[in-house]
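Computed over heavy atoms, backbone and side chain alike; hydrogens, waters and symmetry mates excluded. Whatever order the structure lists ligands and atoms in, that order sets their numbers, starting from 1. Predicted, not measured: the structure shown is a model, and the values here were computed from it.
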Amino acid sequence: MSDSKTPGPPTTGDLTSVTESLDRYRSNLEWESKFYRDTAELVERTCDATNIDPNIKNRLLTPQRALIVSVPTRMDDGSVKNFIGYRVQHNNARGPFKGGIRYHEEVSLGEVSALAMLMTFKCAVAGIPLGGAKGGIRIDPRPLSRQELQRVTRRFTVEILDMIGPDSDIPAPDMGTNDQTMAWIMDTYSEMKGHVVPSVVTGKPIFVGGSKGRMEATGRGVAYCIASAAEHLDFPLEGKTVAIQGFGNVGTYAARKLERMGCKVVAVADVTGGVYNKEGLDVRHVLKYVGIRKVLKDYPRGEPISNEELLQLDVDILIPAALGGVINGDIAKNLKCRILAEGANGPVTSEGNEVLRQRQDEIFVIPDILANSGGVIVSYFEWVQGLQSFFWTRKEINSRLFRILNEAFAECIAFQKKLDTDMRSATLALGIHRVTEAMLTRGLFP
Ligand code: NAD
């Protein structure tokens with residue numbers, strides 16, 4: 001606190017609760033983010049270990065472009081709130097920028113930049129011709145009415161209008177946003193341009209140009225990667241126990257698919273806490289409960305469990321599918337799973353990663369840029385289908401998704417063997433290698 005009579009700027013410690021634009025501006029700490037520092041450090045270390053040209057390394061450590069916007073929004077009670085929004089474009093050496101839009105109260109320029117960086121390498125690992133971007137609004141969407149959410153989304157779209165477009169930068173859903181959010185962005189963009197532009201976003205509802213299979217793609221992709229890992233480790237999935245943190249888009253579809261593959265989902269958790277049943281949860285029943293109550297709190301068929309306890313359960317497969325940074329050094333030491341499949345972006349801190357590197361013979365890590373890439377792969381399918389106005393069947397989409405993920409998994413394993421390193425470093429090295437090749441081949445403008 002400042003010792004002057006007027007309140008001073010918030011300190012770093014206060015920052016996570018600060019949503020008001022003026023306070024954040026005064027704090028002068030927009031870029032400060034452990035997630036960004038951890039991600040950049042990992043990229044730097046991987047570049048050094050694989051002898052990447054230092055000029056390329058320097059360019060990869062910062063985004064190509066970053067925009068902060070004010071999103072003044074009239075609330076239902078007549079007041080006006082000024083939210084802060086971001087769009088960060090990290091690298092487009094391999095194709096147009098691509099990345100989700102997140103609505104969460106902890107969104108910051110640093111976090112969005114780290115996520116944009118991960119997107120660049122995620123697209124490269126999957127071998128799809130897209131670059132990396134991310135966006136978001138620092139907002140808790142849960143208490144907002146549908147009309148408030150629509151107004152905030154439309155105003156944000158107008159503020160970032162010059163950055164996005166079907167040939168330049170294509171947003172998609174992320175935490176706190178969904179297909180409806182994408183429909184509002186697409187509609188606003190189209191109204192501003194004077195003609196309909198479905199391919200400006202992916203993850204749209206099917207009846208406005210969305211793709212079959214997009215909604216479930218990330219969770220399904222997590223399950224496909226787990227199946228590849230199980231085969232690689234000679235660890236048959238039948239009867240294997242699974243715990244999932246985060247019961248939103250990624251967590252629910254991963255749960256459904258893994259249950260169908262013969263696994264036993266024993267624990268799930270959301271922001272209100274979790275539930276554990278060692279005999280296995282009936283995923284459809286849990287989904288029905290959440291469909292009505294919206295949250296897992298008080299789910300009756302199991303014991304209540306905290307998010308921290310869930311992460312440390314003695315299970316075969318652990319899937320963090322909520323926030324980043326949940327597995328720190330201490331939690332990493334206590335993990336008991338055989339496979340850690342990262343549905344969330346950046347769920348492991350750098351301290352946690354160090355522990356997991358030492359425990360790589362016990363715990364097989366499927367890193368985020370591989371495990372959760374199913375979403376951007378089917379987003380790519382949606383973009384291609386939209387540009388051609390020609391749509392594929394669900395079967396075609398799922399089999400193409402499976403093939404791409406299977407190949408990507410095999411390429412990461414081959415890189416791991418070649419570099420004799422851990423899975424996270426190998427996967428990132430593969431992504432960095434592909435982006436570097438594109439940057440060197442294109443050369444530096446002017
Ligand atoms: P979502 O909003 O649909 O669901 C998020 C879930 O996390 C909810 O169940 C919520 O209650 C829970 N949660 C939020 N805060 C929490 C907390 N503090 N503790 C425990 N649980 C908490 O989001 P989603 O789309 O499923 O995204 C989840 C993660 O997956 C994010 O890290 C996102 O970046 C990543 N991801 C999503 C996609 C996608 O296609 N949706 C693609 C790639 C990666």
Side-chain angles (χ1 to χ4, degrees), residues 16 35 39 98-107 111-112 114-116 118-119 122-123 125-126 132 134-136 139-142 149 171-182 201-204 210-211 213-222 225 243-256 267-275 286-287 289-291 293-297 299 305-311 319-327 331 341-348 366-382 401 405:
T16 48
F35 185 21
T39 309
K98 184 92 190 77
I101 304 255
R102 177 177 286 197
Y103 288 180
H104 193 273
E105 62 272 30
E106 283 175 25
V107 165
E111 182 189 75
V112 176
L115 291 165
L118 290 176
M119 279 304 293
K122 191 183 296 185
C123 293
V125 167
K134 204 80 183 188
I139 191 171
D140 178 0
R142 287 170 301 170
L149 273 175
D174 190 76
M175 211 153 88
T177 57
N178 56 23
D179 56 344
Q180 176 61 77
T181 323
M182 295 306 113
V201 288
T202 58
K204 302 176 289 289
S211 172
R214 172 60 186 93
M215 184 96 92
E216 56 268 43
T218 310
R220 180 179 272 267
V222 171
C225 287
I244 305 177
Q245 183 193 41
F247 208 58
N249 176 281
V250 180
T252 53
Y253 284 107
R256 285 181 213 220
V268 292
D270 68 10
V271 69
T272 63
V275 58
V286 188
L287 283 167
Y289 181 89
V290 172
R293 305 273 189 108
K294 305 294 172 220
V295 289
L296 281 166
K297 192 171 161 35
Y299 179 73
I305 185 174
S306 73
N307 268 278
E308 276 209 6
E309 286 165 337
L310 177 140
L311 294 172
I319 307 174
L323 288 181
V326 291
I327 300 179
I331 292 188
E342 298 180 354
N345 283 309
V348 179
I366 313 174
D368 49 4
I369 59 171
L370 174 61
N372 69 32
S373 62
V376 75
I377 294 169
V378 178
S379 269
Y380 163 61
F381 296 165
E382 179 177 334
L401 170 65
L405 276 174

For ligand 1, which atoms, with element, lie under 4.0 Å from some heavy atom of R102?
-> 31 (C), 32 (O), 33 (C), 34 (O)

Would you find a donor on one side and an acceptor on the other, under 3.5 Å apart, between the side chain of T202 and the backbone of A172?
-> no

Going by the 4.0 angstrom heavy-atom rule, the piece of L115 near ligand 1 is neither

Any donor-acceptor N or O pair under 3.5 Å, side chains N178, T181 | yes

Please state which protein non-hydrogen atom is closest to atom 41 (N) of ligand 1 and give its distance, to 0.1 Å?
-> N249 OD1, 3.7 Å

May I ask whether K294 places a heavy atom under 4.0 Å from ligand 1?
-> no

Give the residue, atom name and distance (to 0.1 Å) of the protein heavy atom nearest atom 9 (O) of ligand 1.
-> F247 N, 2.9 Å

Decide whether an N or O pair under 3.5 Å exists between N345 and ligand 1.
-> yes

Is there a heavy atom of A321 sitting under 4.0 angstrom from any atom of ligand 1?
-> yes

Residue and atom name of the nearest protein heavy atom (relative to atom 14 (C) of ligand 1), distance in Å to one decimal | V271 CB, 3.9 Å

Could you say whether the N/O atoms of Q245 and ligand 1 ever approach to under 3.5 Å?
-> no

Atom indices of ligand 1, in the order listed, that fall short of 4.0 Å to a heavy atom of A322 = 7 (O), 12 (C), 13 (N), 21 (N), 22 (C), 28 (C), 29 (C), 31 (C), 32 (O)

Nearest protein heavy-atom contact for atom 18 (N) of ligand 1: which residue, which atom, what distance?
-> L323 CD1, 3.3 Å

Okay, side chain of S379, backbone of V376: is any donor-acceptor separation there less than 3.5 Å?
-> no

Please report which non-hydrogen protein atom sits nearest to atom 27 (O) of ligand 1, along with the residue it belongs to and the distance in Å to one decimal place.
-> V250 CG2, 3.9 Å

Looking at atom 20 (C) of ligand 1, what's its closest protein heavy atom, distance included?
-> N307 OD1, 3.2 Å

Measure from the side-chain N and O atoms of D270 to the backbone N and O of L296, and report whether any donor-acceptor pair falls under 3.5 Å.
-> yes

Are the side chain of Y253 and the backbone N or O of G248 linked by a donor-acceptor pair below 3.5 Å?
-> no

Which pair of non-hydrogen atoms, one from F247 and one from T252, has the smallest distance, and what is that distance?
-> O-CG2, 3.4 Å

For atom 39 (C) of ligand 1, find the nearest protein heavy atom and state the residue, atom name and distance (0.1 Å precision).
-> T218 OG1, 3.4 Å

Using 4.0 Å as the upper bound for N to carboxylate O, is an ion pair formed by E111 and K134?
-> no

If only atom types and distance count, is the side chain of S211 paired as donor or acceptor with the main-chain N or O of R214 below 3.5 Å?
-> no

Has ligand 1 got any nitrogen or oxygen that is less than 3.5 angstrom from a nitrogen or oxygen of A269?
-> no

Between I369 and L118 the two heavy atoms that sit nearest each other are CG2-O, 3.5 Å

Please walk me through it: do V348 and E342 pass side-chain contact (heavy atoms from CB on, under 4.5 Å)?
-> CA-CA 9 Å; V348 179; E342 298 180 354; 3.3 Å; yes

the protein heavy atom lying closest to atom 4 (O) of ligand 1 turns out to be G248 CA, 3.3 Å

Are K122 and N345 side-chain neighbours, meaning at least one heavy-atom pair lies under 4.5 Å?
-> yes

Per-atom contacts of ligand 1 with R214, taking only distances under 4.0 Å to non-hydrogen atoms = 40 (O)

What do we get for N372 next to ligand 1 when only non-hydrogen atoms under 4.0 Å count, side chain, backbone, both or neither?
-> both

